[in-house]
Amino acid sequence: MRFSRMYIPTLKEDPTEAEVISHKLMLRAGMIRRLAAGIYAYLPLGLMAVRNVERIVREEMNRAGAQELLLPGVQPAELWQESGRWEQYGKELLRFTDRHQRGFCLGPTHEEVITDLVRHEIRSYRQLPLNLYQIQTKFRDEIRPRFGLMRGREFIMKDGYSFDVDDQMAEKSYHVMFAAYGRIFKRCGLDFRAVEADSGAIGGSFSHEFVVLANSGEDGVATCSKCDYAANLEKAERACPAPEVGGGDQNIVPAMEEISTPDCGTIEEVCAFLKIEPRKTVKSMVYESDRGLTMVVVNGARQVSETKLKALLGVQWVELAEESRIEEDFAARIGSLGPVTVKIEVVADQEVAGMSSLVCGANRDGFHLQHVVYGRDFTASQVGDVVEVQAGDACPRCGAVMEVVRGIEVGHIFKLGVKYSEALSATFLDQHGKEKLMVMGCYGIGIGRTVAAAIEQNYDEQGMMLPYALSPFKVALLCLDTKNEEVVAYCDRLYASLQERGIETLYDDRNERPGIKFKDADLIGTPLRLTVGRKGFARGILEVKERRASDSVEIPIDDVNQLWEMIDKLAAHDQGISSL
RNA sequence: CGGGAUGUGGCUCAGUCCGGUAGAGCACUGCGUUCGGGACGCAGGGGUCGGAGGUUCAAAUCCUCUCAUCCCGACCA
């Protein structure tokens, strides 16, 4: 493509609307433009990168036995009412009515639609397994869209769904997808981890997230320093520390006593006042859920994971209780609450039972209790894992130290089970003529987010350095002297032979100063840059520079075999994986 | 949903406190000179100052309302 004819509106300055690097660079390189909050237009260059991800996704999905289709973006309310999600799905589901006052929504995901489609067509076990996917624009009315394509409201997503005859076959489908996802992200040139994840509101029994490691990521991931355990912070477990010396031993710890702690409303204030460490205290938080009020007791240095709490209690929702609600059952306000002699149910984190001589609120404003021992002074009706993992915790698999890193979730696979097939009656007849529910799985990839994540991992001060497989153009050919007929003629010929070889080339034939061409080439970041100037041409050399390299090499203008070799080498990464 | 900030030409921003009829740089058009890392000169075009209402002789500037965008937070006892 000739630069002079292509619509690539590059920006010299960072737009104020952009915060993270991928967002800034995509705007500056003329890949995307914002239309409304969280809604973006894909310009030619941006679309080319998107298409590259899509191409890899299609190739690997098809290779894994999945078939592409395209489902509607607008979906009828009835279907969502049938699955129960019309009410369950929050405000992220954009609902509206048509002229006949019938309810519709913009599809944020397609479990209902695909299940509806399949239930009408699949009657026999002979027609299974089935794995269908689509690449489509979805809409989720996010509370707070941000970071450009990273967290938009309208976004391009690949979503796939598998249907199997039983649990075992469904797991097989899941593993096939797991492997396909690994190949996809590898081919995209990303540094990623497959992490165990909470299956969340979508339902199901187990799931993995594919997370690209980047500091700007919104997700926390706990990873083991020794083994390959990796899990989303929402779900990550830890090996519980051995009980402290004297922990729970009522013969060693002195009797519990009340101490005055004036104006101490937080763990920090209590610790500063008593000159102790937060991990010697517990915090007692009152949560409200669909089974009423529950006091949750965790080590003072830790944070409750509401996701885990929800799982432990086996409830649909939890939230911190309103202050007014607490006043009904407690004589003290928050900040002075504790688990000793309370009227409501108490749930404790596993770690609490092993703590010795802890400090907690006395349920009396301005007072705390010390020398409190679990089992002696208070008990919990349930003990389990309800806190978020922190860096330094022990790996649940091997006991080594774990670290917590940030990442961008680019893919998520779930084993759904029969949640949707049951709700929508998607059944088939097995070998014995018996009616059974299809066992489902679902598999998503954020296409735009994958492009953004690739930029987050590959850039420098000058601009993007997208991996070869994702880069819109593989080669930038810079003709520095557009007035010199010989130079132009040579560049035209070189451009023609690049095209003949099928190498996507951005031919900068603009009548611009060299500085502008270099800056734009670096910003767009094609893996290879060819420069032809008057002086070099006179010397009979062509300048070749890899975007990631610091120096350029010179090759004779009439011997371009070296050039083909360099390009083949750059292309080898993707091809190496795709030919596996 | 709560808090903070910002809306002035296509982009980045000044001017707002202290009211006097709109500016800079970049970009764009023409001409000339330049031409290997975002050139220079000259001459131009382009703005209902987010919107509505109000105060005033006079409003980008003061007041009220509203819309949009960005950031932080969304209960951690």
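Keep in mind the model is a prediction, meaning the values are calculated, not measured. Throughout, protein chains are lettered first and strands after them, A, B, ... in sequence-line order, and every chain is numbered starting at 1.
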Checking contacts here: which listed nucleotide (B:U12, B:U69, B:C76) is nearest the side-chain heavy atoms of A:Pro15?
B:U12

Whole angstrom is fine here: how far is it from NZ in A:Lys24 over to C1' in B:C71?
13 Å

Please report, rounded to the nearest Å, how far the C1' atom of B:A77 is from the CZ atom of A:Arg364.
19 Å

For the P atoms, the ones on B:C26 and on B:G20, what distance do you get once it is rounded to whole angstrom?
27 Å

Can you tell me the pairing partner of B:C1 across any strand shown, Watson-Crick or G-U wobble, with both distances under 3.5 angstrom?
B:G73

Using a cut-off of 4.0 Å on non-hydrogen atoms, how would the nucleic acid contact of A:Ile267 be classed: base, sugar-phosphate, or nothing?
sugar-phosphate

Please tabulate the protein-to-nucleotide N/O contacts below 3.5 Å involving nucleotides 14-16 of chain B, giving atom names and distances.
none

Could I get the full list of ring pair (Phe, Tyr, Trp, His ring centres under 6.0 Å) partners for A:Tyr287, not counting sequence neighbours?
none

From B:C1, B:A77, B:C75, nucleotide with atom closest to A:Leu337 side chain
B:A77

Are any of A:Thr16's side-chain N or O atoms less than 4.0 Å away from OP1 or OP2 of B:U12?
yes

Evaluate the ring planes of A:Phe537 and A:Tyr490, with Trp represented by its six-membered ring, and classify them as parallel (under 30°), tilted (30 to 60°) or perpendicular (over 60°).
tilted

Would you indicate what A:Ser336 reaches in the nucleic acid, counting non-hydrogen atoms under 4.0 angstrom: base, sugar-phosphate, or nothing?
nothing

Sub-3.5 Å pairs of nitrogen or oxygen atoms, protein against nucleotides 28-38 of chain B:
| from | atom 1 | to | atom 2 | distance (Å) |
| --- | --- | --- | --- | --- |
| B:U34 | O2 | A:Arg513 | NH1 | 2.6 |
| B:C35 | N4 | A:Lys483 | NZ | 3.3 |
| B:G36 | O6 | A:Gly533 | N | 3.2 |
| B:G36 | N1 | A:Glu543 | OE1 | 3.2 |
| B:G36 | N2 | A:Glu543 | OE1 | 2.3 |
| B:G36 | N2 | A:Glu543 | OE2 | 3.0 |
| B:G37 | O6 | A:Arg529 | NH1 | 3.0 |
| B:G37 | O6 | A:Arg529 | NH2 | 3.0 |
| B:G37 | N1 | A:Asp522 | OD2 | 3.0 |
| B:G37 | N2 | A:Asp522 | OD2 | 2.4 |
| B:G38 | O2' | A:Lys12 | NZ | 3.0 |
| B:G38 | N1 | A:Asp520 | OD1 | 3.1 |

Give me the ring orientation class for A:Tyr495 and A:Tyr507: parallel if the planes are under 30° apart, tilted from 30 to 60°, perpendicular past 60°.
tilted

Using 0.5 Å steps for rounding, measure from the CD atom of A:Glu87 to the CG atom of A:Leu93.
10.5 Å

Could you state the CG-P distance from A:Asp141 to B:C1, rounded to the nearest angstrom?
11 Å

To the nearest angstrom, the CG-C1' distance between A:Asp14 and B:C70 comes to 15 Å

When both hydrogen-bonding distances must be under 3.5 Å and the geometry is Watson-Crick or G-U wobble, what is B:U61 paired with, if anything?
none

As an exercise, state the distance from NZ of A:Lys545 to OG of A:Ser550, rounded to the nearest 0.5 Å.
7.5 Å

Rounded to the nearest angstrom, tell me the gap between atom CG in A:Leu27 and atom P in B:C11.
12 Å

Within this structure, what is the CG-to-P distance between A:Asp349 and B:C76, rounded to whole angstrom?
19 Å

Over how many whole Å does the gap from A:Glu17 atom CD to B:U69 atom P extend?
11 Å

Show the nearest heavy-atom pair for residues A:Ala521 and A:Arg529, with the distance to one decimal.
CB-CD, 4.1 Å

Separation of A:Arg146 atom CZ from B:G73 atom C1', in whole Å?
10 Å

Under 4.0 Å between any heavy atoms, over every strand shown, what does A:Thr266 touch: base, sugar-phosphate, or nothing? Just pick one.
sugar-phosphate

Out of B:C70, B:A77, B:C11, which nucleotide sits closest to the side chain of A:Glu13?
B:C11

Which part of the nucleic acid, if any, lies within reach of A:Arg34 when heavy atoms closer than 4.0 Å are counted: base, sugar-phosphate only, or nothing?
sugar-phosphate

